[in-house]
Amino acid sequence: MAVSFRTPTNIPTLKTGQRCTLAPNSNGQMNHITDAKTGTAGVMQCTNVTPQPANIGIGFFNKAGNKMEPAILWQNVAKNATLSVQLTPRLKIYATTDYKSDVESPLLFYQNLIGLAAHTEWNVIVDEGTGEIKIVPVSS
């Protein structure tokens with residue numbers, strides 16, 4: 001499915017627990033998004049106050065930080081409707097030695113990325129005797 005949409009004149013960074021508003025510019029030609037404000041804990045919210053339904057997306061900025069690529073797009077969010085999104089990115093790691101396509105591995109690591117510190121280090125340990133693989137935090 002191809003989707004075409006107009007990007008607002010600005011795209012602020014919105015974090016979990018913040019909200020913004022999609023509104024028309026003063027000239028009514030383009031929409032803009034207000035700066036992030038404190039919102040509901042655990043969710044990101046955006047309210048559409050344009051005169052018509054609008055597409056609202058969340059995504060990732062490029063390395064330069066000047067363009068956002070939508071990862072999820074909600075189409076036709078009604079006028080005066082608030083989109084609330086609760087995202088919990090989790091990292092799951094499965095590992096095996098001597099990989100073969102029919103070997104299944106138990107889940108070795110499962111972490112909510114929001115809850116991790118900005119800098120986190122882990123060791124991958126392989127027991128040579130048993131082949132068991134463990135992922136453990138690096139001791140300070």
Side-chain angles (χ1 to χ4, degrees):
M1 170 175 75
V3 177
S4 176
F5 62 97
R6 291 188 324 175
T7 303
T9 55
N10 68 316
I11 302 176
T13 301
L14 188 69
K15 297 178 181 177
T16 300
Q18 295 181 324
R19 63 181 171 82
C20 65
T21 301
L22 178 66
N25 281 345
S26 58
N27 64 13
Q29 298 300 310
M30 281 288 284
N31 293 332
H32 76 280
I33 300 174
T34 62
D35 288 335
K37 295 183 176 152
T38 301
T40 303
V43 298
M44 292 182 286
Q45 295 178 308
C46 189
T47 301
N48 175 22
V49 297
T50 65
Q52 66 278 332
N55 297 338
I56 299 176
I58 59 171
F60 303 96
F61 284 97
N62 63 5
K63 285 186 180 182
N66 58 4
K67 183 177 181 190
M68 192 270 295
E69 293 293 333
I72 304 172
L73 180 68
W74 289 267
Q75 297 181 11
N76 299 314
V77 176
K79 175 183 175 183
N80 296 319
T82 298
L83 176 68
S84 294
V85 180
Q86 182 178 25
L87 298 176
T88 307
R90 290 181 171 34
L91 175 62
K92 294 180 181 182
I93 299 176
Y94 300 84
T96 185
T97 58
D98 195 27
Y99 175 76
K100 296 179 178 81
S101 63
D102 59 346
V103 175
E104 291 187 20
S105 169
L107 177 64
L108 298 176
F109 186 88
Y110 182 81
Q111 288 287 320
N112 175 348
L113 297 179
I114 292 174
L116 290 177
H119 180 80
T120 306
E121 292 185 60
W122 300 82
N123 283 329
V124 176
I125 301 170
V126 179
D127 183 311
E128 296 297 328
T130 64
E132 181 181 20
I133 302 169
K134 293 181 180 179
I135 300 174
V136 297
V138 171
S139 299
S140 300

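Note that the numbering runs from 1 along the sequence shown for the chain.
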Q. Linking I/L/V/M/F/W/Y whenever their side-chain heavy atoms sit closer than 4.5 Å, directly or via other members, would L73 and V43 fall into one cluster?
A. no
Q.
Please report the interatomic distance NE2(H32) to CG(N25), rounded to the nearest 0.5 Å.
A. 6.0 Å
Q.
Tell me the closest heavy-atom pair linking L14 and Q18, and the distance in Å.
A. CD1-CB, 3.5 Å
Q | Pair V49-N80, side-chain contact (heavy atoms from CB on, under 4.5 Å): steps then yes or no | A | CA-CA 5 Å; V49 297; N80 296 319; 4.1 Å; yes
**Q.** Where N76 and N55 come nearest, the two heavy atoms and their spacing
**A.** N-OD1, 3.0 Å
(Q) Check whether T21 reaches the backbone of T34 with its side chain - one donor and one acceptor, N or O, closer than 3.5 Å. (A) no
Q | Hydrophobic cluster membership, I58 vs I33, 4.5 Å side-chain cutoff | A | yes
Q: Report yes if some heavy atom in the side chain of W74 is under 4.5 Å from a heavy atom in the side chain of N48; otherwise report no.
A: no
Q) Taking it one step at a time, do L107 and Y94 satisfy side-chain contact (heavy atoms from CB on, under 4.5 Å)? A) CA-CA 5 Å; L107 177 64; Y94 300 84; 3.6 Å; yes
Q. Between OG1 of T50 and CD1 of I56, what distance do you get to the nearest 0.5 Å?
A. 7.5 Å
(Q) Closer than 3.5 angstrom, by distance alone: can the side chain of R19 be matched with the main-chain N or O of A36 as a donor-acceptor pair? (A) no
Q) L87 versus M44: any side-chain heavy-atom pair under 4.5 Å? A) yes
Q: Kindly give the heavy-atom pair with the smallest separation between T16 and G42, and that separation in Å.
A: CG2-C, 3.4 Å
Q | Heavy-atom closest contact (A54 atom, L22 atom, distance) | A | CB-CD2, 3.5 Å
Q. Can you get from L91 to W122 by hopping between Ile, Leu, Val, Met, Phe, Trp and Tyr side chains that sit under 4.5 Å apart?
A. yes
Q. Looking only at heavy atoms, what is the nearest atom pair of Q45 and T40, with distance?
A. OE1-OG1, 3.4 Å
Q.
I need the single residue from V126, I93, I125 that forms a side chain to side chain contact (heavy atoms under 4.5 Å, CB included) with I133. Which is it?
A. V126
(Q) Quick check: is I72 connected to V77 through a chain of hydrophobic side chains (ILVMFWY, heavy atoms under 4.5 Å apart)? (A) yes
